[in-house]
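Working notes, beginning with the structure itself.
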There are 2 protein chains.
Amino acid sequence: MSSSDSDPAEVQLTPTGKVILGMLGLGISTGYDVKNFVDKTTRHFWAASYGQIYPELRRLEEQGLVSGRPEPTGGRARTVYNLTDAGRSALLRWLQSDAETVNEARDEGMLKLFFSDAGGPAERIENIRSMRARDERTLAQLRSLEPHAAAGPKGPYLTLQLGIALHEAAVNWCEAAERELEKEEKE
Amino acid sequence: MSSSDSDPAEVQLTPTGKVILGMLGLGISTGYDVKNFVDKTTRHFWAASYGQIYPELRRLEEQGLVSGRPEPTGGRARTVYNLTDAGRSALLRWLQSDAETVNEARDEGMLKLFFSDAGGPAERIENIRSMRARDERTLAQLRSLEPHAAAGPKGPYLTLQLGIALHEAAVNWCEAAERELEKEEKE
DNA sequence: AAATGCATGTAAGACGTTACATGATTTT
DNA sequence: AAAATCATGTAACGTCTTACATGCATTT
């Protein structure tokens with residue numbers, strides 16, 4: 001065992017490390033592709049940026065969880081990564097662990113709504129309307145992926161379904177709240 | 001105008017700055033209370049920690065948006081903060097701005113589900129079950145706040161309603177998916 | 001007397017985005 | 001010829017959590 005390998009049972013995966021290992025497991029093989037795929041598929045519940053991805057790929061390689069080799073396309077540099085055995089088992093250990101999962105939301109629209117008593121009633125309706133517009137955009141984008149996702153692996157398809165359900169619920173709630181508040185304002 | 005005041009039109013509020021100004025606007029007046037109130041009310045869509053709150057209160061004071069004065073309870077130190085005029089107008093400017101609002105989610109349960117093709121079907125069901133358990137706990141907690149919130153200001157009440165609707169949608173989706181996957185597994 | 005709650009605070013480190021730089025290849 | 005896409009990378013900065021320390025007051 002080389003000095004760069006760690007006991008995989010001891011490796012504590014970083015958040016971005018988890019996405020990367022998972023993506024490599026799906027056959028995505030460059031930092032660039034990881035970023036694009038994340039943007040297309042997991043963005044609505046999990047984001048990642050180049051500033052995290054590239055350094056993390058190197059850390060994972062130091063830990064012996066992934067291995068990269070140069071595969072230039074013509075004169076264009078390109079590094080293709082694969083899971084090592086240790087990487088695959090670290091991925092499975094994470095997927096199988098029943099540790100409490102993190103679930104955090106940061107919704108500035110809701111925060112503004114929370115404080116909306118500081119303004120007037122018209123402002124509050126505008127606030128909800130803009131949340132709805134935002135969620136409708138996301139919803140449309142998610143729906144556009146559906147036909148393609150239905151043909152692919154089940155995990156990504158399920159999260160797409162859930163994302164759609166959640167955004168539908170948000171849009172529906174906004175519509176109902178707008179109607180309600182408009183009615184109240186007329187009185 | 002003292003040298004510590006900034007032109008309020010130029011102040012760029014930090015994320016935590018927004019919560020704090022909003023909370024002071026609701027009459028919450030100490031860092032400690034801000035933290036407790038956030039945990040009780042906005043946590044499901046916006047969190048904050050002491051490590052952010054106390055330093056931010058001092059930055060806001062330097063900027064002239066809040067003013068604090070010592071109001072000890074017996075021998076126990078305590079600083080009560082209030083919005084200044086500049087602070088109140090910065091709060092209103094933020095609430096009224098129609099800039100695109102941030103909406104980010106980070107759901108490790110969904111991420112595991114996304115990658116769940118790496119494991120077996122039983123594992124995937126377990127995954128969804130644990131997401132549901134988690135969401136049911138949050139839902140129960142939100143519902144317990146409802147009677148009290150119904151009597152308070154409308155903004156907090158509306159976000160509570162929305163939070164409940166979203167968590168209900170999540171729980172319902174999980175239930176349906178579990179049934180579906182269990183049926184498939186029997187075949 | 002101990003435990004819980006009130007109240008403030010900080011240091012260290014983890015995590016993240018943004019903005020920029022570079023250069024090749026492919027498409028328009 | 002220009003624009004878009006492929007591909008990698010980093011520096012600076014912003015943000016956040018965790019873990020700890022302190023000490024008084026109130027409740028059990």
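Every chain is numbered from 1, with letters handed out A, B, ... down the list of sequences.
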Q. For D/dA7, does either OP1 or OP2 sit under 4.0 Å from a side-chain N or O belonging to A/T73?
A. yes
Q) If you pin B/R106 and B/G51 to their nearest nucleotides in DNA chain C, which one's is more 5'? A) B/G51
Q) C/dG13 C1' sits how many Å from A/R59 CZ, rounded? A) 12 Å
**Q.** Residue met sooner reading DNA chain C from 5', once A/T14 and B/T79 are mapped to nucleotides
**A.** B/T79
Q. Which whole-number value in Å describes the distance from A/D39 CG to C/dG16 P?
A. 14 Å
Q) Can you check the A/R43 CZ to C/dT17 C1' distance for me, whole Å? A) 11 Å
Q. Over how many whole Å does the gap from B/R69 atom CZ to C/dA7 atom P extend?
A. 14 Å
Q) Does A/Y32 put a side-chain nitrogen or oxygen below 4.0 Å from OP1 or OP2 of D/dT8? A) no
Q: Please determine, for the side chain of A/Q52, which listed nucleotide (C/dC15, D/dG9, C/dG9) has the closest atom?
A: C/dC15
Q. To the side chain of B/R76, which of C/dG16, C/dA7, D/dC6 is closest?
A. C/dA7
Q. Any idea which heavy atoms bring B/Y32 and B/Y54 closest together, and the distance?
A. N-OH, 3.3 Å
Q | Basic-acidic side-chain contact under 4.0 Å: A/R129, A/E126 | A | yes
Q. If you check the B/D33 side chain, which of D/dT8, D/dT10, C/dA7 turns out closest?
A. C/dA7
Q: State which of D/dG9, C/dT8, D/dA7 makes the closest approach to the side chain of A/R78.
A: D/dA7
(Q) Counting neighbours of CZ on B/R43 that are heavy atoms of other residues, nucleotides or ligands and sit closer than 6.0 Å, is the number greater than 12? (A) no
Q. Roughly, in whole Å, what's the span from CG in B/N103 to P in C/dT17?
A. 14 Å
**Q.** Integer-rounded Å distance: C/dC15 C1' and A/Y54 OH
**A.** 19 Å
Q) Do A/T79 and A/T30 have side chains that get closer than 4.5 Å, going by heavy atoms? A) no
Q: May I ask you to say whether B/R58 pairs ionically with B/E61, meaning some side-chain N is under 4.0 Å from a carboxylate O?
A: no
(Q) Taking any heavy-atom pair under 4.0 Å as a contact, classify B/S49: base, sugar-phosphate, or nothing. (A) base
Q | A/T30 side-chain N/O to D/dC6 phosphate OP1/OP2 under 4.0 Å | A | no
Q. Nearest-Å distance, NZ (B/K40) to C1' (C/dG5)?
A. 15 Å
Q | Shortest non-hydrogen contact from A/K40 toward A/Q141 | A | O-NE2, 3.9 Å
**Q.** Side chains of B/E108 and A/W94, donor plus acceptor under 3.5 Å
**A.** yes
Q. Taking atom C1' of C/dT8 as reference, at what distance in whole Å does atom CG of B/L57 sit?
A. 11 Å
Q.
At 4.0 Å (heavy atoms only), tell me whether A/P72 reaches a base, stays on the sugar-phosphate, or touches nothing.
A. nothing
Q | Minimum-distance nucleotide to A/A47 side chain [options: D/dT17, C/dC6, C/dT17] | A | C/dT17
**Q.** Residue-level proximity of residues 16-28 of chain B to DNA chain D when a heavy atom falls under 4.0 Å
**A.** B/T16
**Q.** side-chain contact (heavy atoms from CB on, under 4.5 Å) evaluation trace for A/L24 with A/V66
**A.** CA-CA 9 Å; A/L24 295 186; A/V66 310; 3.5 Å; yes
